[in-house]
Amino acid sequence: MSELHGHLDLLVLAVLADAPAHGYAVIEELRQRSAGAFDLPEGTVYPAVHRLETSGFLTSSWEAYGGRRRRVYRLTRRGRGRLERGRKDWSAFAGAVTTVVGEAR
Amino acid sequence: MTLNDYVAALARELRVGPLRRRRILAEVEDHLRASVDERLASDVPRDQAEEAALSRFGPAEDLAAGFNRQWRVRTRLAAAAVLGGAGVLFVTVQRLMENWVQPAPWPEDAAPAAVAWQSATAQACLLGGVVLALVALAGRRWSAAAAGGALVAVALAAAFVSHYEVERAALVAGSPTNWELAGVCALRAAALLPAALLLVGRLRVPRVLLT
């Protein structure tokens with residue numbers, strides 16, 4: 001999972017762009033969207049969401065969720081802007097790498 | 001290790017403020033219980049369900065370290081902000097004394113008895129606040145408490161000094177007006193506000209400082 005280093009924040013923002021979610025759901029969604037490739041240790045995601053919230057990209061509140069009280073995270077406008085910039089940067093980077101390395105055959 | 005042991009271990013390792021600590025523990029415990037319940041629903045025995053949930057979470061020390069790093073940044077920024085507030089307090093006192101207040105601070109025999117101890121207490125609080133802020137900047141384990149203590153100490157110093165100035169202005173002709181004094185008090189409060197907001201987690205910290 002070391003390839004994820006530096007991209008975790010962008011992945012979390014992308015997951016939360018569609019709908020607010022609690023930490024457990026963020027991890028599940030990451031696993032599902034990546035078809036199991038991003039099966040993160042659950043403990044790595046919580047410091048990441050707290051960091052994103054501290055930086056103003058997420059906001060959170062306690063909500064009743066399936067009979068439990070859970071901390072639900074949602075993207076702020078600033079977070080949405082960060083996600084858009086991250087998407088552009090990633091596309092440019094991935095395109096450049098693919099150009100050099102070539103597509104898999 | 002049981003789920004309760006894990007949460008207790010995490011609580012021991014966390015070096016964050018009390019509100020943040022409560023939130024982290026509640027969040028992690030809720031996640032673990034949901035994870036265990038999901039496995040119990042699939043007829044996995046409780047001890048195995050807890051073991052599996054905990055292994056997915058990783059060691060409590062590593063998890064705590066992730067939170068502690070962020071809190072250390074916040075605490076150090078708050079300590080730096082307290083030092084800035086102490087600087088504003090010091091400079092505004094100097095400016096008042098030099099430019100506004102007439103040479104003799106109090107008319108003969110008119111100074112209230114409380115002035116001496118209030119002045120000494122203000123100086124002690126300011127000095128204590130600066131020392132605590134430096135401890136918070138340098139330390140690890142007690143840095144959050146030191147930053148909080150520094151903020152309280154400098155705020156107390158500001159309150160004593162402001163009270164001193166208001167009392168004096170009421171007795172001495174040519175003193176700053178109440179509006180001018182209120183402006184200085186507001187400036188001091190504003191200078192300490194960033195530190196307070198950082199300590200209660202209400203001020204953004206740039207992501208680049210947290211990664």
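Here is how names work: the chains are called A, B, and so on, in the same order as the sequence lines, proteins then strands, and each is numbered from 1.
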- Item | Side chain, backbone, both or neither of A:R82 within contact of chain B (heavy atoms, under 4.5 Å) | side chain
- Residue part contacting chain A, namely of B:S35, when any heavy atom lies under 4.5 Å: both
- Query: For B:D37, is it the side chain, the backbone, both or neither that has a heavy atom under 4.5 Å from a heavy atom of chain A?
  - Reply: side chain
- Item | Neighbour count >12 (heavy atoms, 6.0 Å) for atom CD, B:E51 | no
- Item | Max heavy-atom pair count under 4.5 Å with chain A, selected residue of B:L63, B:V28, B:V208, B:V205 | B:V205
- Is it the backbone or the side chain of B:L203 that comes under 4.5 Å from a heavy atom of chain A, or both, or neither? backbone
- Item | Whether B:R56 side chain and A:G43 backbone form a donor-acceptor pair below 3.5 Å | no
- Query: B:R33 versus chain A, heavy atoms under 4.5 Å apart: side chain, backbone, both or neither?
  - Reply: both
- Between NE2 on residue A:H50 and CH2 on residue B:W71, distance to nearest 0.5 Å: 11.0 Å
- Check the pair A:T54, B:R74 against side chain to side chain contact (heavy atoms under 4.5 Å, CB included), reporting the backbone distance first and the verdict last. CA-CA 9 Å; A:T54 301; B:R74 181 181 284 284; 2.9 Å; yes
- Under 3.5 Å side-chain donor-acceptor pair for A:H22 and B:E27: no
- Between B:A26, B:A34, B:G201, which residue shows the highest count of heavy-atom pairs closer than 4.5 Å to chain A? B:A34
- CZ/A:R78: more than 12 non-hydrogen atoms of other groups inside 6.0 Å: yes
- Is the closest basic N to carboxylate O distance between A:E53 and B:R23 below 4.0 Å? yes
- Task: Locate the shortest heavy-atom distance separating B:P206 from A:S55; write the atom from each residue and the value.
- Result: C-OG, 4.1 Å
- Query: In this structure, are over 12 heavy atoms from other groups packed under 6.0 Å from B:R69 atom CZ?
  - Reply: no
- Pair A:Y24-B:E38, side chain to side chain contact (heavy atoms under 4.5 Å, CB included): steps then yes or no: CA-CA 12 Å; A:Y24 194 22; B:E38 213 169 73; 3.0 Å; yes
- Task: List the steps and the verdict of side chain to side chain contact (heavy atoms under 4.5 Å, CB included) for A:R71 and B:D30.
- Result: CA-CA 9 Å; A:R71 195 82 188 179; B:D30 169 78; over 6 Å; no
- Query: Any chance the side chains of B:H31 and A:E42 put a donor and an acceptor closer than 3.5 Å?
  - Reply: yes
